[in-house]
Structure formats: C-alpha cells, structure tokens
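Down below is the structure, laid out as structure tokens.
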There are 2 protein chains.
Amino acid sequence: MFPLICAITLNEKEDAVITDPELLAVRVAELYYDENKTQDEIGGLLKITRWKVGRLLAQAREQGIVRIEIVHPRARRLTVERQLRERFGLADAVVIPSGAGEGDLQSRVGQAAADYLTALRPVPRTLGISWGRTLSEVAERLEAGWATGVTVVQINGGVSLNRRAGTAATTASMIAQKAQGHATLLPSPAILERVETKQAIESDRTVAAVLELAGRASAYLFSAGVANESSVLVDSGYLAPSDVAELVRKGAVGDVVGRYIDANGNTVDPGLDERTVGLGLDQLRQAKMAIFVVAGYAKHDVARAIVTNGLCSVVVTDEATAAALLDLKVQE
Amino acid sequence: MFPLICAITLNEKEDAVITDPELLAVRVAELYYDENKTQDEIGGLLKITRWKVGRLLAQAREQGIVRIEIVHPRARRLTVERQLRERFGLADAVVIPSGAGEGDLQSRVGQAAADYLTALRPVPRTLGISWGRTLSEVAERLEAGWATGVTVVQINGGVSLNRRAGTAATTASMIAQKAQGHATLLPSPAILERVETKQAIESDRTVAAVLELAGRASAYLFSAGVANESSVLVDSGYLAPSDVAELVRKGAVGDVVGRYIDANGNTVDPGLDERTVGLGLDQLRQAKMAIFVVAGYAKHDVARAIVTNGLCSVVVTDEATAAALLDLKVQE
DNA sequence: GCCCGCCTTGCTCATATGAGCAACAGCGTG
DNA sequence: CACGCTGTTGCTCATATGAGCAAGGCGGGC
C-alpha cells in the first residue's frame with residue numbers, strides 16, 4: 001500500500017492535490033532532499049511540471065524552508081566573509097560559525113586565525129603580535145612548522161615575570177618556536193605612570209630597537225580588549241577598575257594594542273595614550289597586513305570600532321560578531 | 001585582491017594545497033552550497049577534478065558535514081516515516097520534526113493528524129475516536145469541510161457534563177461538525193465500579209447500539225494516556241492516583257481507549273478491563289485503519305507498546321518519539 | 001469591454017552532475 | 001620481489017537541472 005503524503009496522495013485517482021503554494025514547496029523539498037527523488041519524479045508524484053518543481057525548490061531555499069548548513073569545527077561562512085570584505089573594504093575576512101553557546105568559541109576562532117596565518121602568502125618575515133587570551137589561543141592552535149624563519153615581535157608593552165599562558169613572552173615565543181624563528185620581546189610595561197618615564201624607556205636603545213622593528217613588521221596579528229574590569233590591563237595591574245570605568249564614561253569601547261578607543265576608533269584619553277608603550281593606532285591603520293582576531297558578544301562594540309575605522313585589513317571572527325558588524329539578524 | 005580560503009589559496013602560484021581530506025570536504029561543501037560554485041569551478045580552484053569534487057560532496061553529506069534540513073511548521077520527516085513503516089509493518093506513518101522543546105509539539109502533531117485525516121482516501125464514513133487532550137488538538141486543527149457526511153462515534157466511555165475542551169462530547173462534535181456529519185456519543189462512564197453495572201449499561205439498547213456502531217467504524221483515531229496522575233482518567237475521577245500507581249506496579253505503561261496495557265500490549269488488570277466500557281484492544285488490532293496520534297517524551301513507553309504490538313496501523317508522531325521507537329539517536 | 005503590463009509557466013537547448021566502468025595505485029602477503 | 005586484491009581516480013555517456021525566451025493568464029486602468 002502506498003503511504004499517504006498528507007494532502008498529497010499517490011493514488012492517481014484522487015483529486016485532493018495541494019493548492020497551498022508554501023505547503024507545496026515544503027513537500028517538494030522533502031521529496032527532493034530527504035527522499036532523493038529527481039525533479040521529474042516529484043513532478044509526476046505531485047502533478048506539476050519539473051520546471052515548477054525546480055522553481056519551488058529555489059523558493060524553498062530562498063525562504064529558508066530548506067536550510068543547508070556546513071557543520072564542522074573548521075567550517076567557515078564564506079557568504080558572510082564576502083559581505084564583510086565588500087562592506088568594509090577589507091583585504092580578507094574569515095568567519096566561523098558561532099555554534100551553540102560560546103563554550104569553545106575562543107579556541108575555534110584561535111584555530112581559524114592559526115589556519116589563516118599558516119596559509120598566508122607571502123609568509124611574513126616579521127610578525128608583530130599583541131598579547132592576551134585570544135592571541136594565546138592562536139599560539140596554542142598553530143601547528144609546528146606553520147612557517148620557517150619568522151621573527152615574532154611584541155608590539156604592545158607588557159612585561160611578564162611569570163610564564164603563564166596569555167603573557168606576551170609565552171605567546172610570542174610559542175608562535176616563533178613553531179615557525180623555527182625567534183621572538184623579540186618589548187621590555188617595557190604597557191602603561192607608565194608618567195610621560196617622562198615612558199619617553200625615557202622609549203629612548204633606551206634596546207626598547208627603541210624593538211619599537212623600530214615593530215614599526216616595520218610585514219604583518220600584524222592582534223586582538224582587542226573589552227572596556228571592563230576583565231581586561232588583561234586591569235588583570236596585570238596597569239589600570240584600576242575605576243580607571244577603566246572613567247574611560248568608559250569618556251566613550252571607550254575597548255582597547256587595541258593597549259590603547260583605548262571610542263566607537264569612531266579615536267583615542268579617548270590622549271594623556272593615557274601618551275603614557276602607553278607600543279605600536280600606535282596610525283601605524284596599525286597604515287599596515288599592509290593587519291589581522292584582527294575577535295569573537296564573542298562582549299567584543300562586538302570594540303570589533304565594530306576597529307573594523308569600521310580602518311584599524312585592520314583582515315578580520316577573523318565568528319558569525320554572530322560578523323552579523324553585528326553587518327547589522328544582520330542571525331538565524332538561530 | 002583575492003581573499004584567502006585558509007589552506008586554500010586562489011593564488012595559482014601557491015603550492016600549499018589542502019591535504020587533509022576532511023578539511024577538503026569542508027571547503028568543497030562551503031564553495032558548493034554557500035558560494036553556489038559548480039563542481040567544475042571548485043575543481044579548478046582547489047586543483048582537483050570535478051569527479052573528485054562530486055565524491056567529496058557526497059562524502060560531506062554522508063558524514064553529516066553538510067546538513068540539509070526542512071524547516072517549516074508543516075514539515076515532515078519522510079525518511080523516518082519510511083523506516084517506521086518498514087520496521088513495524090505499518091500501513092502509514094507521519095513524522096513531524098520535534099523542534100526545540102515541546103512547547104508547540106502537541107498542536108503540531110494535532111495539525112499533522114488533521115492533515116492526514118483530510119487527505120485520507122477513501123473518506124471514512126464512520127470514524128471512531130477516543131477523547132483526551134491530543135484528540136482535542138486534532139479536532140481544533142481540522143479545517144471545516146475536511147470531509148462531508150462523516151459519522152463520528154465515541155469509542156471509549158466518558159460522560160462529560162460540561163463542555164470544556166478535551167471532553168468526548170466537545171471533541172466528537174467538533175470533528176463531526178467540521179465534516180458536516182454528526183456525532184454519536186457513548187453515554188457511559190469510562191470505568192464502572194462493578195462488573196454487573198458495566199454489563200447492565202452495555203446491554204442497554206442505546207449504549208449497545210453505539211458500541212455496535214463503534215465496532216464497525218471504517219477508521220479509528222485515537223491517542224494514548226500516560227500511566228501517571230496526569231491521566232484524564234484520574235482527572236475525570238474514574239481512577240485515583242493510587243490506582244494508577246498500582247497499575248504501574250503491575251507493569252502498565254499507559255492506556256489506550258481507556259484500557260491499561262503493559263509493554264507487550266496486554267491488559268495488566270483483567271478485572272479493571274472487565275469494568276471498562278468501550279472498544280476492546282482486539283477490535284483495535286483487527287481494525288482496517290487505526291490511526292494513532294502520539295507525541296512527547298512522556299508517551300514514549302506507551303507509544304512503543306502500541307506500535308510494536310499491532311494496536312495501530314498508522315502512527316502520527318514526532319521525530320523524537322519515532323527515534324525512540326526505532327532505537328535511534330536523534331541528532332540535535 | 002479592451003488593452004497593456006506584469007507575473008507565471010512550459011519549453012528548448014545548454015550546462016551540470018552522476019552512474020558505471022576501466023585503469024591505476026597502493027598495500028599486504030607469500 | 002612479485003602478485004593479487006582493494007580502493008581510488010578519471011572518463012564517457014546518460015541523466016538531471018538551469019537559463020533564457022516566448023506564450024499565456026490575470027489584473028488593473030481607461
């Protein structure tokens with residue numbers, strides 16, 4: 001006995017055919033994608049032409065009745081990537097699925113950035129990197145031998161006396177080791193209390209040499225910090241939570257290479273900026289290859305500030321952040 | 001500038017091609033489904049033949065890397081339907097997506113049952129129905145004019161003095177009205193306290209006539225009750241929660257047309273069965289068209305008992321219940 | 001009531017893809 | 001080291017599908 005497909009019968013004598021076009025599209029899609037029937041076969045079953053079947057399938061895909069998803073840890077969202085490139089004039093964009101929850105999001109975006117770096121041609125001879133949790137994830141996920149002979153240079157201040165994950169030293173040396181290169185650390189605090197001290201440190205021969213090297217790196221890899229008390233700058237003691245709160249009041253949405261910016265990508269506190277050691281925002285803007293790695297809801301505002309104001313030329317991010325950048329609704 | 005597809009470059013001079021077959025399948029799937037490139041184009045981009053592209057796509061679909069889903073309130077799961085028919089020798093099966101949570105599940109399964117009934121050919125002249133919340137949903141969802149001239153007959157006892165939703169009278173009359181037919185109610189309680197009383201009622205001319213009509217209905221539409229205190233039999237006062245607990249101790253997994261059954265589809269308490277008014281289990285087994293409507297986790301055990309023991313010839317259910325029947329894991 | 005414009009439909013022909021087959025490559029065993 | 005077997009690959013030809021076009025139908029305006 002033939003099974004019934006509701007409101008569709010396979011009994012040729014029946015005249016109760018589907019008249020609701022949306023339900024017709026659903027049935028057509030089910031027969032095509034679930035039952036692997038040809039458009040011609042479906043036409044025969046439903047008493048419509050194969051051309052109409054084809055149009056209904058296209059309509060079903062367009063209306064989201066048919067949802068085709070690539071599900072894999074290394075999956076990308078190529079359509080969203082193109083939209084980001086076109087909207088913001090980016091040289092490149094990598095977008096990974098947001099997935100259910102943010103549980104493994106940081107590691108997956110780290111993996112995506114590692115993949116990108118590995119595929120990058122020409123291989124950057126000198127790679128400037130920032131430091132923080134996201135860059136640490138990238139370092140972890142890079143495979144040994146991702147390149148050879150890369151000099152990794154630290155581009156924002158931050159001296160770490162211990163060797164726990166997330167510090168500048170650990171991150172830079174791991175990336176360098178995995179490329180059979182070496183790391184050049186910036187032996188300076190991220191932020192000095194007095195401008196004079198900062199200028200003195202910058203004038204020191206060893207620090208000046210590193211800053212000079214940082215300034216002419218062939219590519220930069222960096223993330224951003226959230227403007228709240230979870231910032232590694234607070235964690236490391238450079239700023240107090242009250243300092244950050246004050247910066248937020250002044251319009252700060254986050255920091256990039258240790259420098260707090262507002263929604264327009266401008267420094268919010270010139271005095272603080274003057275006391276901050278590391279690559280300048282203008283140098284980042286002028287960089288040939290500035291790869292910005294960012295994921296997670298908390299960083300949407302600072303991500304927008306960086307991407308829309310030319311502070312990066314490549315972004316590696318997740319789908320939800322990309323959607324926020326593009327002002328789209330994510331279908332969930 | 002061409003964007004990078006990590007580990008894949010569009011720069012023809014590069015030799016860093018993807019060697020990991022799984023990642024290659026991911027990229028191929030992304031280019032095909034997200035970018036709408038042809039297999040030939042993809043082959044050119046990735047330096048493989050279009051035949052290999054085709055194989056990688058088939059592999060991606062088979063391994064679940066590509067997930068194609070039909071998302072619509074009226075969507076069905078045709079593959080699972082065929083599996084149920086084949087496994088249990090059912091004349092038909094309708095399976096709807098379980099969806100996120102059980103929020104609207106009962107109304108959706110009600111809608112699916114209504115669709116099925118409407119499409120059923122030949123139209124049943126006499127339709128025997130049980131009563132309860134699920135059948136009430138079906139009645140609600142039926143469209144006026146779903147058929148013409150259908151006699152709806154109540155097949156299990158249960159007198160309802162009020163006209164709230166879910167009662168036998170309301171359900172039967174709604175279904176009948178929508179088919180321009182009439183309802184024949186079974187003027188008897190579901191369960192009597194004494195066998196003699198039950199026998200007296202069954203012998204009464206009017207009740208006997210209804211039972212006779214019920215016995216020769218051309219199709220039956222029914223659901224099942226959970227063996228716990230939420231049962232409508234408890235709700236209606238026919239049984240106490242302690243009675244149901246005792247039935248569970250005896251192995252009851254639920255009730256069908258007011259009769260408690262165990263996992264093998266047998267009555268668990270012959271004495272209680274003797275005092276229960278309505279269609280017998282054997283009559284249901286022998287029915288030409290017995291449409292069983294069931295959804296929700298709580299009913300998995302009784303659904304299994306009914307489907308695997310020939311107490312229905314058609315099942316309308318949700319994907320999770322179907323998976324439980326088939327002993328499959330639902331991908332979520 | 002007629003005409004015009006827009007949308008839908010079916011078709012032809014081109015393009016895209018798949019099935020089945022033969023050849024090749026790699027691995028394991030004697 | 002050679003042979004056999006298994007799995008993968010590329011190809012030919014058939015099948016499935018899509019693009020573009022012409023015709024038809026429907027609705028609105030004059």
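Note on naming: letters A, B, ... go to the chains in the order of the sequence lines (proteins, then strands), and numbering restarts at 1 for each one. Just so we're clear, the structure is a prediction, and the values are computed from it rather than from any experiment. All heavy atoms count here, side chains included; hydrogens, waters and symmetry mates do not.
For the 3.5 Å distance criterion, the side chains of B:His182 and B:Gln177 fail to qualify, holding no donor opposite an acceptor.
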Per-nt protein contacts along nucleotides 9-24 of chain D (heavy atom under 4.0 Å; B base, S backbone sugar-phosphate only, - none) come out as BBBB---SBBBB----
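Scanning for side-chain hydrogen bond (donor to acceptor under 3.5 Å, both in side chains) contacts around B:Asp104 gives B:Arg108, with sequence neighbours left out. Looking at residues two or more places apart in sequence or on another chain, you find no salt bridge (Lys or Arg N to Asp or Glu O under 4.0 Å) involving B:Glu41.
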Criterion salt bridge (Lys or Arg N to Asp or Glu O under 4.0 Å) on A:Arg76 and A:Glu81, from CA distance to verdict
CA-CA 8 Å; A:Arg76 303 243 305 260; A:Glu81 290 178 5; 2.6 Å; yes
Are A:Glu69 and A:Arg77 close enough, and set up right, to give a salt bridge (Lys or Arg N to Asp or Glu O under 4.0 Å), and what steps lead you there?
CA-CA 9 Å; A:Glu69 195 176 7; A:Arg77 292 290 180 256; 3.6 Å; yes
